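Worksheet: one structure, shown below.
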Amino acid sequence: MASAIPVGFRALPLPIIQLSLAAVLKCGQSFRWSAFPLILADHSGTNIDHSVPTHEYRFCLRDRLVCLRQSSDTLFYRSIFPDSPLPPLEEVKREGETLIWLKDYFQLDVDLVKLYDEWSTKDPVFARLRSRFAGIRMLRQDPWENLVSFICSSNNNIARITKMVNALCKHYSPPLVSVPPPSVQTRLPSPVLDDEGDVQADAYHPFPPPSRLAQPDVASTLRSLGFGYRAEFIQKTAKMLVEARPSSPSTSESLEPSEKWLTTLRTTSTEEARQELLKFIGVGPKVADCVLLMSLDKREVIPVDTHVHQIAMKHYGLRSAAGGKKANMTPKLYEEVNQRLFAIWGDYAGWAHTVLFTADLKSFSSYGLPPPSPVPTPTKERRSADTFGPALTATLALTASPSPSTRKRGRPPASRTPLLSGDQNPVIDTQLPNVLQTFADHTESSEGASLADRVKKRRRVAKTVIVRA
DNA sequence: AGAGTACCGGTG
DNA sequence: ACCGGTACTC
């Protein structure tokens, strides 16, 4: 049965193995996507029909709410604006913009299957996972939102980070639109009586700009919102950013200068960008690396936390001097883990790391069998005891990591096969010209700088930090 | 320099 | 206790 296009949506042909919304939007990259079930869970719990979307996902941008649904071979999208409905011509134009945003945000010009193939040949551990954890790719997020979100992430869990980020948006930016949740389809023809009049619309708030969070009272307010000690971090970081690049009074609608500056770090070297990020309060090695990877195009960067450390020890033969479970994450250890994993995965190591990381989330331990299926119900995030499923005790005969001087980081994109096959019917998007911004060719000249080195130097002394050549 | 500790909630 | 870390001190 040819899957019907949901009313109001447009269709983009896209195999689910290239992008699994269910996995990617809920695995701790972005914390601002909301998910709605579209189908009442049937009691058997089996035989889920993947030709029909099971969920709708929503994300609030500056000027529009983006709504997504996904079937096994199609991504459905639509936008909702404060002033909709729009004139037909205007709507076509705006949906074109949304499509461009989608391709950029999901980095759809990167062939994920090709990457999976490459990782599989290099890494038997990955090869065993790939079928169960397909479609997990790196988002290309807004750097400012990404930075704030991951300042929140320190010593924290996904559920709480999500609450915090949502509270922050609700408190510091006005609602853009209010939209009722999508209607749920029941399997049986007898419709459950839903008091149609009572369905309350959810308000969607964009992410607030730096200037809004730079105000002094923000710290105490965020504290009262449950941010803990991160409240001060956020306010101080916003203040630093705004003071370094003040907004001119006239800029109203576009990005603030500080946001634009953050985005320019996409075209700088990884090391240079990292040093800039480490200047901010509340940003240490882990958070900096998350931002580098998730919004600044540094796809080779592997953020190392205790879980990644565990994974490296369990599956990749990492035996640290200070090994053992209770080893503190020292800069030295951080670099060890980082280097070991980079040696295995190479250029897109950060992307590979995210697949493994997601696979290690308990909420994804039951992530469908091949081909990928949506996550059952958002369960609580937790690490699974036996990660990666049964029989993964393969000890790897790992070759020694390349010396720091030989390791190459940040090479230009490798695989760029277009995924989107075009020409469908009018409602379906045809292949658009590739308007996506491609990565700048930031070939590293500073290969010698090890993480251990760069972590040593601390913020505020950063003026002394010179990127080595 | 490198190790140790406090920190804000939440979870097990 | 443990935690998807960081700032600060010694």
Side-chain angles (χ1 to χ4, degrees), chain A residues 26-31 138-139 141 146-168 218-237 240 274-275 277-294 301-313 320-322 324-338 341 350 353-364 379-385 387 450-462 464:
Chain A
K26 290 290 173 182
C27 71
Q29 293 189 54
S30 171
F31 304 95
M138 189 56 55
L139 264 25
Q141 301 187 62
N146 191 211
L147 177 61
V148 175
S149 299
F150 280 83
I151 288 176
C152 294
S153 78
S154 74
N155 230 331
N156 212 345
N157 57 66
I158 292 179
R160 188 171 158 216
I161 300 166
T162 303
K163 277 185 201 145
M164 288 163 64
V165 170
N166 286 327
L168 183 147
V218 167
S220 61
T221 305
L222 289 183
R223 246 184 204 270
S224 71
L225 290 177
F227 278 60
Y229 54 80
R230 306 159 194 88
E232 282 79 23
F233 293 167
I234 290 170
Q235 189 271 331
K236 283 178 180 165
T237 289
M240 289 170 72
R274 187 181 341 246
Q275 291 311 324
L277 293 174
L278 286 174
K279 293 176 185 172
F280 296 113
I281 303 299
V283 178
K286 155 67 158 68
V287 172
D289 279 359
C290 283
V291 176
L292 289 172
L293 174 65
M294 303 193 211
V301 169
I302 303 170
V304 178
D305 56 36
T306 50
H307 295 300
V308 172
H309 181 212
Q310 302 300 321
I311 294 173
M313 288 196 297
S320 177
K325 282 189 57 146
K326 56 184 188 174
N328 280 337
M329 186 48 68
T330 63
K332 180 163 171 58
L333 218 200
Y334 192 108
E335 175 63 13
E336 268 184 47
V337 174
N338 196 304
L341 295 178
H353 138 275
T354 292
V355 179
L356 276 274
F357 186 91
T358 302
D360 194 44
L361 281 172
K362 172 104 186 215
S363 45
F364 288 92
T379 53
K380 278 179 206 91
E381 159 218 0
R382 202 166 122 235
R383 298 288 149 177
S384 45
T387 53
S450 72
L451 221 195
D453 287 336
R454 71 194 180 229
V455 165
K456 283 173 194 162
K457 44 191 97 103
R458 229 17 219 157
R459 51 202 106 239
R460 286 182 216 90
V461 238
T464 65

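Reckoned from all heavy atoms, side chains included, excluding hydrogens, waters and symmetry mates. Predicted model only: the values in this text are computed from it and were never measured.
Nearest nucleotide to the A:Thr330 side chain, out of B:dG10, C:dG4, B:dA3: B:dA3. Looking at the side chain of A:Tyr229, the nearest of the listed nucleotides C:dT6, C:dG4, B:dC7 is B:dC7.
Atom CE of A:Met164 and atom P of C:dG5 are 13 Å apart (whole Å). Between A:Glu232 atom CD and B:dG9 atom P the separation is 10 Å, expressed in whole Å. Computed from coordinates, the A:Phe233 CZ to B:dA6 P distance equals 16 Å when rounded to whole Å. A straight line from CG of A:Asn155 to P of C:dA1 spans 16 Å, rounded to a whole angstrom. Between the CD atom of A:Gln29 and the C1' atom of C:dG4 there is a distance of 13 Å, rounded to whole Å. Between A:Ile151 atom CD1 and C:dG4 atom C1' there is a gap of 15 Å when expressed in whole angstrom units. Nucleotide B:dA3 holds its C1' atom 13 Å from the CG atom of A:Leu333, rounded to whole Å. The interatomic distance linking A:Met329 (CE) with B:dT5 (P) rounds to 18 Å, in whole Å.
A close approach under 4.0 Å does occur between a side-chain nitrogen or oxygen of A:Arg223 and OP1 or OP2 of B:dC8. Applying the 4.0 Å criterion to OP1 and OP2 of C:dG4, one finds that A:Ser154 has every side-chain N and O outside that range.
For A:Gln29, the side chain to side chain contact (heavy atoms under 4.5 Å, CB included) test picks out A:Val24, A:Cys27, A:Met138, A:Leu139, A:Gln141, A:Met294, A:Thr354, with sequence neighbours left out. For A:Phe150, the ring-ring contact (aromatic ring centres under 6.0 Å, His included) partners at least two apart in sequence or on another chain are A:Phe31.
With hydrogens and angles disregarded, no donor-acceptor distance shorter than 3.5 Å links the side chain of A:Thr237 to the backbone of A:Ile234. Panel note: side chain A:Arg274, backbone A:Leu292; no donor-acceptor pair is recorded below 3.5 Å.
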>> Pairs counted only when both distances fall under 3.5 Å, Watson-Crick or G-U: show me the 5' to 3' dot-bracket for DNA chain C, [ ] for pseudoknotted crossings and | for other-strand partners.
In response: |||.||||||
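The shortest non-hydrogen separation linking A:Tyr334 to A:Pro285 is OH-O, 3.3 Å. What you find for A:Asp289 and A:Ile302 is that their closest heavy atoms are OD2-O, 3.9 Å. The minimum heavy-atom distance linking A:Asp305 with A:Val308 is given by the pair OD1-N, 2.8 Å.
Using atom P as the reference point in both C:dG5 and B:dA1, the two lie 26 Å apart (nearest Å). Rounded to whole Å, the C1' atom of B:dA3 lies 22 Å from the corresponding atom of C:dG4.
Using a 4.0 Å heavy-atom cutoff across all strands shown, A:Gly226 reaches sugar-phosphate atoms only and no base atom. Among the atoms of the strands shown, none is found under 4.0 Å from any heavy atom of A:Val308.
Nearer to the 5' terminus of DNA chain C, by closest-nucleotide assignment, is the contact made by A:Cys290 (compared with the other of A:Cys290 and A:Lys236).
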